[in-house]
Peer 1: 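Here it is, the structure, as structure tokens.
By convention here, the first residue in the shown sequence is residue 1. Numbering of ligands and ligand atoms starts at 1, following listing order.
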Amino acid sequence: MTEESISGFGSVTPGVIVKTAKKVRTPAYLIDEGVVSDKCDILLSMPNAYGLTVLYSMKANSTRRILQSVDKKGLHFDASSLNEARRLVLVGVPYGKIMLTSQEVHNRSGRDKKDLENMMMHGLKYNVCSLRQFNSIANFAAINKINLSMRVHPGVGSGESSTRNTGDKYSCFGVHLSDIKDILKIAEEKTVVFDKVHVHIGSGGDQKKWEENIDRELAILKEYFPLADTINFGGGLKEARMPNETAADIKKLGLYAKKRIIEFRENDVYKRELTMEIEPGTYVVANAGYIITRVIDKKRTGEDGFNFIITDGGMEVNTRPLLYGSQHPLYVVTREGKQLKKNTGEFVVVGRCCESGDSQTLDEHGHIMPRKMPEPSIGDYVVMGGAGAYCLSMCLSNYNSHVQAPEVLLNKNGRLELMRKEQTLTQVVQNEI
Ligand SMILES: *Cc1c(COP(=O)(O)O)cnc(C)c1O
């Protein structure tokens, strides 16, 4: 009988956990390449009308080996900074597969501006997110006849929490509807063409909100962008990390978008057959990832207190609970490689940082919320699931002078590959003068 995976999907078994923990030190990140591959397949087969491009939003996990794996699947890339774009170039991703959507403004001559222009000459798509960004690039785009994309701020958004809503008035991503006309006027004077419209409303919001965005964005494209042939609906496709969550229904969203894009063509004076783009990060990698921690201590806080499990990895390896009140599944695997499944008590799982908020069991207000789970012994593993997105890439690694944890890949052949070495203390202090 083959061993069951700890989460009920993918190939990470209790045996793989123990093997990984023996290969590197804990805490450690582990990515199941097979799950990444399956998610890419689901996204690539999303129903569409006149063509689909799937961009991987690399800020979710930007380790080289992951980028290579996703590149091989045929996805393009959403970069959130010039450095992210540079990382893609280092990996060998063709410029034509990269779109840059950032808050940065490269308006002063210097290396950044030169690099950006060089990348655009080679095919990188620049997604204009503000008037100032537009002004910094407009002449260059006009002279070289490079078409641009515009990220529109629709005034409405959706996300799992207010800090992950990127479309309403409390966030400032993209060109607000009230500023579009100003930019388009200058663009017309300079003969700069916007051939793509982009909206990203936030991370992990409702399916319904995503559908509403499709309608809203098509209307914006119709009203303001007569030369656009591509519509990018952004990312934010919800993944179900916890058992009580529901993932976005990719097929259903695709069918909805397809219907609307066909209707758009029928009513459009130019009879445009729009290419559709999506750019998920979370959906591609979240459930492929695990963080392996080891139980180093147990404490209690009195009769009316709590039972604490102290592990060797907390907020510095996964900041999401503290940042958003995110819940991650917690699996218990014994030292001997047996998964404990029976909940035997309520526990508060904490890390080793000097912060009372360093807990993996918090609610959205930052209050501790004991979790019903099996009781691990000292030396057993507590494994966080749903940890492939925004964990390593967003971690507070050097707080308390902890080193950044290593990252391992369980590749499609079932072998463990070290993708990123554990940082050393020498590296932590090396830039101090
Ligand atoms: C972060 C981001 C995404 C990806 O969001 P997910 O919730 O990880 O899918 C897509 N597009 C843009 C512009 C982003 O900033």
Peer 1: Between E279 and ligand 1, which residue portion shows a heavy-atom distance shorter than 4.0 Å: side chain, backbone, both, or neither?
Peer 2: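 Near ligand 1, E279 shows its backbone as well as its side chain.
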Peer 1: Hey, do the aromatic rings of F194 and F134 have their centres closer than 6.0 Å?
Peer 2: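 For F194 and F134, the ring centres are under 6.0 Å apart.
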Peer 1: For R371 and Q360, run side-chain hydrogen bond (donor to acceptor under 3.5 Å, both in side chains): C-alpha distance rounded to whole Å, both residues' side-chain angles, the deciding distance at 0.1 Å, then the answer.
Peer 2: CA-CA 9 Å; R371 178 85 63 95; Q360 295 299 314; over 6 Å; no
Peer 1: Quick check on contacts: which atoms of ligand 1 are under 4.0 angstrom from a heavy atom of P280?
Peer 2: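 Those atoms are 9 (O).
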Peer 1: Of all the heavy atoms in A60, does at least one lie under 4.0 Å from an atom in ligand 1?
Peer 2: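 False for this residue.
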Peer 1: What part of S57, side chain, backbone, both or neither, has a heavy atom within less than 4.0 angstrom of ligand 1?
Peer 2: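 It is the side chain that touches ligand 1; the backbone stays farther off.
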Peer 1: Can you report which non-hydrogen protein atom sits closest to atom 7 (O) of ligand 1, along with the distance?
Peer 2: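 Protein heavy atom at minimum distance: S203 OG, 2.5 Å.
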Peer 1: Look at E263 together with R260 and state whether they make a salt bridge at an N to O cut-off of under 4.0 Å.
Peer 2: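 Yes.
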Peer 1: Just to check, does K238 reach to within less than 4.0 Å of ligand 1 when the distance is taken from its heavy atoms?
Peer 2: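 Judged by the 4.0 Å heavy-atom criterion, K238 does not count as contacting ligand 1.
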Peer 1: Using a strict cut-off of less than 4.0 Å between a Lys/Arg side-chain nitrogen and an Asp/Glu carboxylate oxygen, indicate whether R64 and D71 qualify as a salt bridge.
Peer 2: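 Here R64 does not pair with D71 in a salt bridge, since their nearest N and O are not under 4.0 Å apart.
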Peer 1: Can you check whether R151 has an N/O within less than 3.5 Å of an N/O in ligand 1?
Peer 2: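 Between R151 and ligand 1, no N or O pair is found under 3.5 Å apart.
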Peer 1: Looking only at protein heavy atoms, which one is nearest to atom 2 (C) of ligand 1, and what is the separation?
Peer 2: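 Among all protein heavy atoms, the one nearest atom 2 (C) of ligand 1 is K59 NZ, 2.3 Å.
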Peer 1: Please classify the Y390 to ligand 1 contact at 4.0 Å (heavy-atom distances, strictly less than): side chain, backbone, both or neither.
Peer 2: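 It is the side chain that gets close, since no backbone atom is under 4.0 Å.
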Peer 1: So for G236, does at least one of its heavy atoms come nearer than 4.0 angstrom to any atom of ligand 1?
Peer 2: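 So G236 counts as touching ligand 1.
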Peer 1: Using 4.0 Å as the upper bound for N to carboxylate O, is an ion pair formed by E4 and K341?
Peer 2: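 Yes, K341 and E4 are salt-bridged.
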Peer 1: Can you pull out every side chain to side chain donor-acceptor pair (under 3.5 Å) where at least one residue sits in residues 135-146? Sequence neighbours excluded, please.
Peer 2: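 Non-adjacent pairs meeting side chain to side chain donor-acceptor pair (under 3.5 Å): N139-K190.
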Peer 1: Enumerate the atoms of ligand 1 whose separation from the nearest heavy atom of G281 is less than 4.0 angstrom.
Peer 2: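 In order of numbering, the contacting atoms are 4 (C), 6 (P), 8 (O), 9 (O).
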Peer 1: Taking the six-membered ring for Trp, are H176 and H153 parallel (under 30°), tilted (30 to 60°) or perpendicular (over 60°)?
Peer 2: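 The rings of H176 and H153 sit tilted, inter-plane angle from 30° to 60°.
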Peer 1: Between the side chains of K39 and E239, is the shortest nitrogen-to-carboxylate-oxygen separation below 4.0 Å, so that they form an ion pair?
Peer 2: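 Salt bridge between E239 and K39, a charged N being under 4.0 Å from a carboxylate O: yes.
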